[in-house]
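Model, not experiment: these values are computed from the prediction. Along the sequence shown, the residues carry numbers beginning at 1.
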Amino acid sequence: MFHPLLNNTISTLFVITLATCATDCYAVTSERIKALTEKAENLQLWRDKEWLNLLYYKGDGEQAEDYSSVVSDSRFFIIENGKDNPVTELNATITDILSSTEESTAARCRFVARSNWLIDKLAIKKSELPELRCKAYEEWRKNVQPQQVTLIFPTYHLNSPSSMYGHTLLRLDPEKDKGESKWLSVAVNFGANVPDGENSILYTYRGLFGGYRGLFITDHYFKKIQEYNRIEHRDIWEYHLNLTQEETERLVQHVWEVQDITFPYYFFDENCTYRILELLEIARPEVELTEDYVLTAIPIDTVKTVKDAGMVENVSYRPARVTTLSYMINNIPESQRSLAISLSEDISTLESDEFKQLTTEEQSDIIDISYKYLRYQQSGNARDKQSSKRSFQLLKARTQYAKGEKIKLPEPVKPDEGHHSKRVSAALGQRLNNNYAELGFKMSFHDLEDNIHGFLQGAQINMFTGQLRAEENEGVSLYKLDIIDIFSLTPRNQFFSPMSWRIYSGLERQYTRGIDQLTLHVSGGGGGSWALTDDSQFYTLATGRLEANKQMDHAIEPALGFAAGLLAHFTGNTARLELSGEHFPHDMYRLRAQYTHNFVINSNNSIKLYAKHEWQENDTEFSDINLGYQYYF
């Protein structure tokens, strides 16, 4: 035990030593921070594309004030004005890297990609960094250790406004020798944060005008397979990317940074697929993927952009469960299809004479189809005990037969090989015995009569389609402007009973009571479609219409009507014949016969013939015929 005076002396010396060390250490850190910020300024690091990409800065100029980040979430920045000043945010990050030791706030734990980028660019030594362990990030990385990145494209889903154009997301794949890697993979998805129960009309409105915030979410990929492939019945195309391990690591580190950070979300441009392109630009900074997407970013267009940038290594096709089932049904005789349905409803059908007369191979196929059909019927529904029991019985019965070869579906044309989304057209024609020249433009995306390769048969999705006509002795005027035009024709049969439907709205010229003028309308209808051959179908719909027309008795007049038609795809061309009409109050009616034939030159060029004859009350009738050229871009 030391003398009290000696104890006080030792304590005083210890405090002085600590104070001196603290002052010296602070001075060293402060000097180092100053030196590194000056180095960053000399290197103009704030203008480096990688830095701008990592923080989503947009702008064009010489000064930092010319740039601003699209991210409005304050949690994404270290300093208060970081959103609007890439220089101050960079300097604040340097300071934080060299001084922060608290995991929850340290840039090295929160913003791994940008911190590592700065450490590399400024050649900061590991010995200069404060001791720090990022436990949350380390724990996350135990489940996210990708060796390859795959761009996923679930195909079009007309019955969902958010997915009618398709969707893109990224899949982070582990090492190939770790079992079935796709089931261990992680999906990186960006989407609108939509409240539960939001109706389609409100979703569309808010999606168009930025009413939602967007979020990046990572989850198990098998859940996406269940969602897209098994519940929504969408085929999935997998574009395996050739990212290096360094590029993959950079992407993963950045995904950690943006988890739960809110972004602007707009249905047409700053959407799911645009944000995925931004991630790929961060992974490979030398590519320009987003520069051409100003007004719209349609998923399949962005897939083409990635492919054109030389980033796609190979492509895989994962058909939806219903696609596989439909293929199996189409490959058994018509007489056996009813038997498959009966078996899915009653297991005792296995003992029927009709079933026993089949060959062993045919019996096996029928059981397979019945089992898959029963599972299809339960997709997205609550578990049903009776159906589950029959499923188990069918599965048990299937084990009595030799295992057949795995079903190999013929691969359809890849979506990226279809025509482009926008279109311009020029045509010459005659209407009401008046010659005209027509110019047309379509913002997106696909007509029933367009080249079917790479698209769903019987699916029409168009937005902002306009036509200007210069008529003889009449001048130039707007003939038509469709805001939205969606037509879904899915054939019905013994197994499936989908509804066919159409909704379209906009401005169109109508000849009414001797006056030709522009009218505003909302039209739609529902019905059914039936396949005549693999490439043709017949449809019929009951329709309704609301029309604002100055030649009618009221500001808005309703009408009831019908549409019936035949759609046929041939080698190199498509034809559609339709008879339609509507009846307004006061015995006003329109009846139309319309024929459209599209002659495909190649994916992005075609010649289109259009002919329509219309009958109205008081023996009024007239025709509209034109021949035009269409270019898709």
Do the charged groups of [X] and [Y] touch, with an N to O distance under 4.0 Å?
| X | Y | result |
| --- | --- | --- |
| Arg398 | Asp368 | yes |
| Asp485 | Lys480 | no |
| Arg423 | Asp447 | yes |

[X] versus [Y]: any side-chain heavy-atom pair under 4.5 Å?
| X | Y | value |
| --- | --- | --- |
| Tyr371 | Ser391 | yes |
| Thr360 | Tyr401 | yes |
| Glu238 | Ile236 | yes |
| Leu279 | His254 | yes |
| Phe464 | Thr296 | no |
| Asn242 | Val312 | no |
| Pro174 | Ser185 | yes |
| Asn143 | Val186 | no |

**Message:** Under the criterion side chain to side chain contact (heavy atoms under 4.5 Å, CB included), I'd like the reasoning laid out for Leu350 against Lys356: C-alpha separation, chi angles, the key distance, then a yes or no.
**Reply:** CA-CA 7 Å; Leu350 289 171; Lys356 289 182 176 180; over 6 Å; no

Can a donor-acceptor pair be found between the side chains of [X] and [Y] at a distance below 3.5 Å?
| X | Y | value |
| --- | --- | --- |
| Thr596 | Lys612 | no |
| His419 | Ser603 | no |
| Thr302 | Thr273 | yes |
| Thr248 | Gln147 | no |
| Tyr239 | Asp416 | yes |
| Thr323 | Asp235 | yes |
| Gln377 | Asp384 | no |
| Tyr165 | Ser444 | yes |
| Tyr265 | Glu270 | no |

**Item:** Heavy atoms of other groups near Tyr589 OH, more than 12 under 6.0 Å
**Value:** yes

**Request:** Verify the ring-centre separation between Tyr376 and His233: is it less than 6.0 angstrom?
**Result:** yes

**Message:** Are Tyr156 and Phe445 an aromatic pair, judged by ring center distance below 6.0 Å?
**Reply:** yes

**Asked** Ignoring hydrogens and geometry, is there a side-chain-to-backbone donor-acceptor pair from Asn331 to Tyr327 under 3.5 Å?
**Response** yes

**Item:** Exam field: side chain Gln630 to backbone Ser606, donor-acceptor pair closer than 3.5 Å
**Value:** no

**Message:** ring pair (Phe, Tyr, Trp, His ring centres under 6.0 Å) for Phe263 and Phe216? Distances and angles first, verdict last.
**Reply:** CA-CA 9 Å; Phe263 286 72; Phe216 280 104; 5.5 Å; yes

**Prompt:** Does NZ or CZ of Arg492 lie under 6.0 Å from the centre of the six-membered ring of Phe496, at an angle within 45° of the ring axis?
**Reply:** no

Less than 3.5 Å apart, which donor and acceptor atoms pair up between the side chains of residues 526-534 and the rest of the protein, not counting sequence neighbours?
residue: Ser529; atom: OG; partner: Gln537; partner atom: OE1; Å: 2.6
residue: Ser529; atom: OG; partner: Phe538; partner atom: O; Å: 3.3
residue: Thr533; atom: OG1; partner: Asp535; partner atom: N; Å: 3.2
residue: Thr533; atom: OG1; partner: Ser536; partner atom: N; Å: 3.3
residue: Thr533; atom: OG1; partner: Ser536; partner atom: OG; Å: 2.7

**Complete:** Rounding to 0.5 Å, atoms CZ (Arg390) and CD (Glu345) come to a distance of 7.5 Å

**Request:** For Leu409 and Pro319, work out which heavy atoms get closest and say how close.
**Result:** CD2-CB, 3.9 Å

**Request:** Begin with the C-alpha distance, continue with both residues' side-chain angles, and end with the deciding distance and a verdict on ring pair (Phe, Tyr, Trp, His ring centres under 6.0 Å) for His521 and Tyr504.
**Result:** CA-CA 8 Å; His521 77 97; Tyr504 62 111; 5.2 Å; yes

**Message:** Checking Phe153 against Leu169 for the side chain to side chain contact (heavy atoms under 4.5 Å, CB included) test, could you report, in this order, the C-alpha distance in whole Å, the side-chain angles of both residues, the deciding distance, and whether it holds?
**Reply:** CA-CA 7 Å; Phe153 177 71; Leu169 62 150; over 6 Å; no

List in chain and number order the residues that pass side-chain hydrogen bond (donor to acceptor under 3.5 Å, both in side chains) with [X], two or more places apart in sequence or in another chain; answer none if no residue qualifies.
| X | answer |
| --- | --- |
| Glu547 | Arg545, Asn549, Arg590 |
| Asp482 | none |
| Lys304 | His420 |

Exercise answer: donor-acceptor pairs, residues 572-584 side-chain atoms, under 3.5 Å, sequence neighbours excluded:
residue: Asn573; atom: OD1; partner: His597; partner atom: NE2; Å: 2.9
residue: Asn573; atom: ND2; partner: Thr571; partner atom: O; Å: 3.2
residue: Thr574; atom: OG1; partner: His569; partner atom: ND1; Å: 3.1
residue: Arg576; atom: NE; partner: Glu449; partner atom: OE2; Å: 2.7
residue: Arg576; atom: NH1; partner: Tyr539; partner atom: OH; Å: 3.0
residue: Arg576; atom: NH1; partner: Glu578; partner atom: OE1; Å: 2.9
residue: Arg576; atom: NH2; partner: Glu449; partner atom: OE2; Å: 3.0
residue: Glu578; atom: OE1; partner: Tyr539; partner atom: OH; Å: 2.5
residue: Ser580; atom: OG; partner: Arg592; partner atom: NE; Å: 3.3
residue: Ser580; atom: OG; partner: Arg592; partner atom: NH2; Å: 3.3
residue: Glu582; atom: OE1; partner: Arg592; partner atom: NH2; Å: 3.1
residue: Glu582; atom: OE2; partner: Arg592; partner atom: NH1; Å: 2.8
residue: Glu582; atom: OE2; partner: Arg592; partner atom: NH2; Å: 3.4

**Request:** May I have all residue pairs that pass salt bridge (charged side-chain N to carboxylate O under 4.0 Å, His left out) and include part of residues 319-331, sequence neighbours excluded?
**Result:** none

**Request:** Run the numbers on Leu295 and Met443 for side chain to side chain contact (heavy atoms under 4.5 Å, CB included), then give the verdict.
**Result:** CA-CA 9 Å; Leu295 295 176; Met443 184 65 74; 4.2 Å; yes

